[in-house]
Amino acid sequence: VQLQASGGGLVQAGGSLKLSCIASTSGRIFSSWIMGWFRQVPGKEREFVAAIRWGPGTTYYSDSVKGRFTISKDNGYNTMSLTMNSLKPEDTGDYYCGILRQTGMGWTTSRNYDYWGQGTQVTVSS
């Protein structure tokens with residue numbers, strides 16, 4: 001599986017951005033798989049942002065983005081999106097999309113994810 005993230009950019013505080021992640025695979029994305037977004041700033045570990053279970057669409061958000069970010073998916077196009085509203089300077093970072101295949105593993109732990117896309121940079125100015 002290959003993942004490609006896009007949509008990052010520079011935005012003022014209070015603004016919005018929409019990130020997309022396209023999954024390319026010769027097989028299929030299983031309904032039990034989790035697709036997630038993490039972000040990372042230099043010198044810090046990758047931080048969980050949001051995730052969605054591919055089949056039922058169950059979502060989970062970090063407390064820091066709940067109510068401001070919305071994760072969604074389009075099964076027909078193997079695409080996951082992250083709509084980010086009311087952006088804050090602390091949302092700045094490189095955003096990565098990933099896939100977790102094994103059920104029962106924690107959604108919020110980056111080392112549990114099997115595939116990663118390249119990062120897309122988000123910069124929120126104050």
Ring pair (Phe, Tyr, Trp, His ring centres under 6.0 Å) assessment of Trp116 paired with Phe38: CA-CA 10 Å; Trp116 290 100; Phe38 287 72; 5.3 Å; yes

Derivation of the side-chain contact (heavy atoms from CB on, under 4.5 Å) call for Glu90 and Val124: CA-CA 8 Å; Glu90 51 263 44; Val124 184; over 6 Å; no

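Side-chain atoms of Tyr115 do not come within 3.5 Å of backbone N or O of Ala23 as any donor-acceptor pair. At distances below 3.5 Å, at least one donor-acceptor pair connects side-chain atoms of Thr120 with backbone N or O atoms of Gly8.
In the hydrophobic clustering of ILVMFWY residues, with side-chain heavy atoms under 4.5 Å counting as a link, Val49 and Trp54 come out together. Hydrophobic clustering, with ILVMFWY side chains joined whenever heavy atoms are under 4.5 angstrom apart, groups Val11 together with Leu82. Ile34 is not connected to Ile52 by any chain of hydrophobic side-chain contacts under 4.5 Å among Ile, Leu, Val, Met, Phe, Trp and Tyr, and they are in different clusters. Cluster annotation: Val1 and Trp37 are assigned to the same hydrophobic cluster (Ile/Leu/Val/Met/Phe/Trp/Tyr, side-chain heavy-atom contacts under 4.5 Å, transitive). By the rule that hydrophobic residues join a cluster once side-chain heavy atoms approach within less than 4.5 Å of another member, Val41 and Phe69 end up as members of separate clusters.
Nearest heavy-atom pair across Ile22 and Tyr77 is CG2-O, 4.5 Å. Pairing each heavy atom of Gly106 with each of Tyr113, the nearest pair is O-CE1, 4.5 Å. Nearest heavy-atom pair across Asn85 and Ser16 is OD1-OG, 2.8 Å. Here the shortest heavy-atom pairing between Arg53 and Ser31 reads CG-O, 3.4 Å. Here the closest non-hydrogen pair linking Ala13 and Ser126 is CB-CA, 4.4 Å. Taking each heavy atom of Ala5 and Gln118 in turn, the nearest pair found is O-NE2, 2.7 Å.
At most 12 heavy atoms of other shown residues, nucleotides or ligands fall within 6.0 angstrom of atom CD in Gln2.
The shortest side-chain heavy-atom distance between Tyr95 and Gln121 does not fall under the 4.5 Å cut-off. Within the 4.5 Å cutoff, no side-chain heavy atoms of Gln102 are placed close to those of Asn112. Using a 4.5 Å heavy-atom threshold, the side chains of Val122 and Thr92 count as separate.
The pair Asp91-Lys88 does not count as a salt bridge, with every side-chain nitrogen at least 4.0 angstrom from each carboxylate oxygen.
Cation-pi geometry between Arg39 and Tyr96 is not met at under 6.0 angstrom from the ring centre and within 45 degrees of the axis. Figure legend: cation-pi geometry between Arg28 and Trp33 absent, as NZ or CZ is not positioned both under 6.0 Å from the six-membered ring centre and within 45° of its axis.
Taking the six-membered ring for Trp, Phe48 and Tyr61 have ring centres at least 6.0 Å apart.
For the 3.5 Å distance criterion, the side chains of Thr79 and Asp74 fail to qualify, holding no donor opposite an acceptor.
Applying the salt bridge (charged side-chain N to carboxylate O under 4.0 Å, His left out) rule to pairs touching residues 108-126 yields Arg101-Asp114, sequence neighbours excluded.
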